[in-house]
Amino acid sequence: MPLQEARRRKCILITKDTDFLDHRKFPFHNLKDTGIVILRTEDKPHSELNFGYMLVCFFDEVCKSGNQNLFGLKIEIRGPKMTLYARIDGKIKHDTVDISERIEDRQLFQD
């Protein structure tokens with residue numbers, strides 16, 4: 001299984017498989033030595049633009065973080081939007097960043 005191999009290697013799993021967003025099937029406690037990035041592309045008008053945004057988001061926002069900072073996270077990238085999922089204080093939280101808009105300095109996962 002790809003997730004087990006990513007955990008063994010202590011690296012990030014990059015996939016198009018949206019099943020990894022099922023938090024019951026793939027719980028966060030299995031992500032202490034890895035993280036998951038789900039790349040979502042769609043076949044419809046402007047899909048090339050969305051794919052370009054996805055690559056920018058991935059390289060500028062995700063890769064620069066380094067794998068240690070991504071451990072324990074699930075990150076879904078869809079076009080210019082990046083949604084981060086994490087288990088914080090026993091609750092599953094998510095936060096979305098839109099890179100097509102100006103990103104203000106802010107703490108993620110703040111209520």
Side-chain angles (χ1 to χ4, degrees):
M1 173 174 238
L3 182 57
Q4 291 171 336
E5 185 64 18
R7 289 179 65 194
R8 186 183 72 75
R9 293 182 184 208
K10 295 184 183 331
C11 63
I12 304 302
L13 174 63
I14 301 170
T15 183
K16 289 179 73 174
D17 187 349
T18 58
D19 286 348
F20 286 104
L21 293 172
D22 183 340
H23 306 312
R24 289 186 201 123
K25 193 172 180 182
F26 298 98
F28 286 93
H29 67 81
N30 287 338
L31 302 179
K32 74 174 189 170
D33 294 329
T34 190
I36 302 172
V37 176
I38 299 100
L39 303 175
R40 305 225 12 202
T41 57
E42 299 170 356
D43 295 326
K44 60 182 187 181
H46 307 295
S47 61
E48 293 87 7
L49 178 62
N50 283 335
F51 184 73
Y53 271 127
M54 185 181 70
L55 290 176
V56 169
C57 188
F58 180 70
F59 287 116
D60 281 356
E61 304 298 329
V62 176
C63 290
K64 287 182 181 178
S65 298
N67 66 343
Q68 296 286 330
N69 293 329
L70 301 177
F71 286 173
L73 291 176
K74 295 180 183 182
I75 302 171
E76 177 185 15
I77 302 175
R78 181 184 294 194
K81 293 187 180 178
M82 176 173 67
T83 303
L84 296 94
Y85 301 88
R87 186 173 196 94
I88 300 172
D89 297 328
K91 295 181 181 176
I92 296 173
K93 296 189 176 186
H94 70 279
D95 206 342
T96 300
V97 176
D98 187 339
I99 67 163
S100 67
E101 299 174 358
R102 182 170 177 209
I103 299 175
E104 311 238 350
D105 290 334
R106 67 179 176 99
Q107 284 290 111
L108 293 171
F109 304 113
Q110 297 297 313
D111 293 328

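All values below were derived from every heavy atom in this structure, side-chain atoms included, with hydrogens, water molecules and symmetry-related copies excluded.
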Practice task
Write down the atom of Leu84, the atom of Leu73, and the distance for their closest heavy-atom approach.
Solution key: CD2-CD1, 4.2 Å
Problem - Hydrophobic cluster identity match, Phe28 and Ile88, side-chain contacts under 4.5 Å - result: no
Handout entry: Heavy-atom side-chain proximity of Arg87 to His23 below 4.5 angstrom
Key = no
Problem - Identified side chain to side chain contact (heavy atoms under 4.5 Å, CB included) counterpart of Met82 within the set Ile75, Asp95, Val37 - result: Ile75
Practice task
Could you tell me whether the side chain of Arg7 and the main chain of Asn30 form a donor-acceptor pair under 3.5 Å?
Solution key: yes
Handout entry: Path from Phe26 to Ile38 over hydrophobic side-chain contacts below 4.5 Å
Key = yes
Exercise for the section: Examine Met1 and Leu21 and state if one hydrophobic cluster contains both, with Ile, Leu, Val, Met, Phe, Trp and Tyr joined whenever side-chain heavy atoms are less than 4.5 Å apart. Expected result: yes
Exercise for the section: Measure from the side-chain N and O atoms of Lys81 to the backbone N and O of Thr96, and report whether any donor-acceptor pair falls under 3.5 Å. Expected result: no
Problem - Pairing of Lys10 and Asp33 as salt bridge, 4.0 angstrom limit - result: yes
Practice task
State plainly whether one hydrophobic cluster holds both Ile14 and Ile77, where clusters connect Ile, Leu, Val, Met, Phe, Trp and Tyr through side-chain heavy atoms under 4.5 angstrom apart.
Solution key: yes
Problem - Heavy-atom neighbours of His94 NE2 exceed 12 at 6.0 Å - result: no
Handout entry: Same apolar cluster (I L V M F W Y, side chains within < 4.5 Å links), Ile12/Tyr85
Key = no
